[in-house]
Number of protein chains: 2
Amino acid sequence: MAKSGGGKAGKPMRNQAGDLLRSPCPLACLLDVCGDRWTLLVIRDLFFGRSRFKDFCASPEGIPTNILSDRLNRLLRHGLVEQVPAADGTQRMAYQLTPKGRALGPVLEAMRDWGLKWEPSTRLEMQG
Amino acid sequence: MAKSGGGKAGKPMRNQAGDLLRSPCPLACLLDVCGDRWTLLVIRDLFFGRSRFKDFCASPEGIPTNILSDRLNRLLRHGLVEQVPAADGTQRMAYQLTPKGRALGPVLEAMRDWGLKWEPSTRLEMQG
DNA sequence: CATGTTGCTTGCAAAATGCAAGTAAAAGAC
DNA sequence: GTCTTTTACTTGCATTTTGCAAGCAACATG
């Protein structure tokens with residue numbers, strides 16, 4: 001019997017961060033970056049204009065700080081997020097979406113719309 | 001100092017499957033159902049017309065069978081997938097999307113479009 | 001009935017997660 | 001400048017999830 005999984009031939013494909021792809025499927029590739037319970041919530045917060053570590057921590061879901069640190073680094077590595085000097089005049093750095101990260105807008109909108117329609121206990125909050 | 005995370009008051013909110021919500025955010029709610037590296041690939045396969053356990057196993061990403069079993073049960077529990085008698089005349093059951101599951105179409109499309117645009121090593125395959 | 005296929009479950013090692021605590025640089029108060 | 005607080009993390013560790021291989025029972029096929 002032929003092996004079912006894995007790329008069948010040629011050189012192994014990699015995403016923009018250099019990680020091996022499970023398959024050439026664009027969906028699978030995105031899931032390797034954002035396929036967990038936290039990453040898209042950080043991206044949501046970035047869309048809401050939040051830009052600092054503490055801001056992400058303050059979101060109602062309560063992401064653990066070690067997870068947040070890991071996810072921000074992954075997003076930096078994959079080029080969805082970049083760091084810039086904070087706008088408040090301090091020495092701190094702020095996180096913001098790159099064009100590649102902002103391009104997830106339609107994904108977040110579609111997911112939000114699904115939730116609002118099919119999970120009645122959800123609602124939009126006044127955040128951002 | 002006020003606690004940053006968690007629902008602040010009232011009764012705990014739950015999704016349609018009865019699980020506690022991390023927050024009222026529709027995005028967070030969807031991620032509690034589909035927020036991992038495999039679930040949306042199963043849903044993708046269902047959109048492609050695949051309906052049997054072995055079909056999902058045969059996808060190029062190679063989902064482990066215990067994970068597949070767990071994810072199918074979760075999707076059943078949340079009402080995104082249902083089981084019906086298989087169309088091939090045998091005694092077996094087939095999985096198929098409910099309207100709630102099919103409503104994820106726009107999410108998958110947006111994710112696919114993102115991957116095709118921003119991860120050049122991905123492509124649509126002739127599957128389905 | 002013998003053999004292969006399908007749809008799982010089980011066992012277990014490895015990895016990821018979640019929580020609390022610790023830390024160091026920067027900012028603000030005095 | 002010194003003291004205190006805030007910010008942005010890291011570390012340790014217990015718990016949970018994942019991934020792989022194997023096992024197995026119901027069904028299908030010849």
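In what follows, chains carry the letters A, B, and so on, assigned in the order in which the sequence lines appear, proteins first and then strands, with residues in each chain numbered from 1. Since this is a predicted model, take the numbers as computed values, not measurements.
Hydrophobic clustering of Ile, Leu, Val, Met, Phe, Trp and Tyr side chains at less than 4.5 Å, counting indirect connections, unites B:L97 with B:V107. Residues B:L46 and B:W38 are members of one and the same hydrophobic cluster, defined by side-chain heavy-atom contacts under 4.5 angstrom among Ile, Leu, Val, Met, Phe, Trp and Tyr. The hydrophobic clustering, which links ILVMFWY residues whose side-chain heavy atoms are closer than 4.5 Å, places A:M111 and B:M13 apart.
Counting to the nearest Å, the P atom of D:dT18 and the CG atom of A:D36 are 11 Å from each other. For the pair A:L68 CG and C:dC19 P, the computed distance is 14 Å after rounding to whole Å. Between A:F53 atom CZ and D:dC9 atom C1' the separation is 5 Å, expressed in whole Å. Note: CG (A:N73) to P (D:dC9) measures 8 Å, nearest angstrom. Atom-to-atom, CG of A:D70 to P of D:dC9 comes out at 12 Å; the value is rounded to the nearest Å. As a whole-Å value, the separation of B:R74 CZ from D:dT16 P is 15 Å. With rounding to whole Å, A:I63 atom CD1 is found 17 Å from C:dA20 atom C1'. Taking atom CG of B:L76 as the reference point, atom P of C:dG7 lies 14 Å away to the nearest angstrom.
Under the side-chain contact (heavy atoms from CB on, under 4.5 Å) criterion, A:D32 pairs with A:R22, B:R37, sequence neighbours left out. With sequence neighbours excluded, no residue satisfies salt bridge (charged side-chain N to carboxylate O under 4.0 Å, His left out) with A:R14.
Comparing B:K54 and B:S69 against DNA chain C, the residue whose closest nucleotide sits nearer the 5' end is B:K54.
Using a cut-off of 4.0 Å between Lys/Arg side-chain N and Asp/Glu carboxylate O, A:R74 and A:D36 are scored as salt-bridged. In this structure, A:E119 pairs ionically with B:K100, as a charged nitrogen and a carboxylate oxygen lie closer than 4.0 Å.
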Across nucleotides 19-30 of chain D, 5' to 3', mark each nucleotide with B, S or - according to how protein heavy atoms within less than 4.0 Å reach it. BB-B---BBS--

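Phosphate contact (OP1/OP2 of C:dT6, side-chain N/O of B:Y95, threshold under 4.0 Å): absent. Neither OP1 nor OP2 of D:dT7 sits under 4.0 Å from any side-chain N or O of A:R52.
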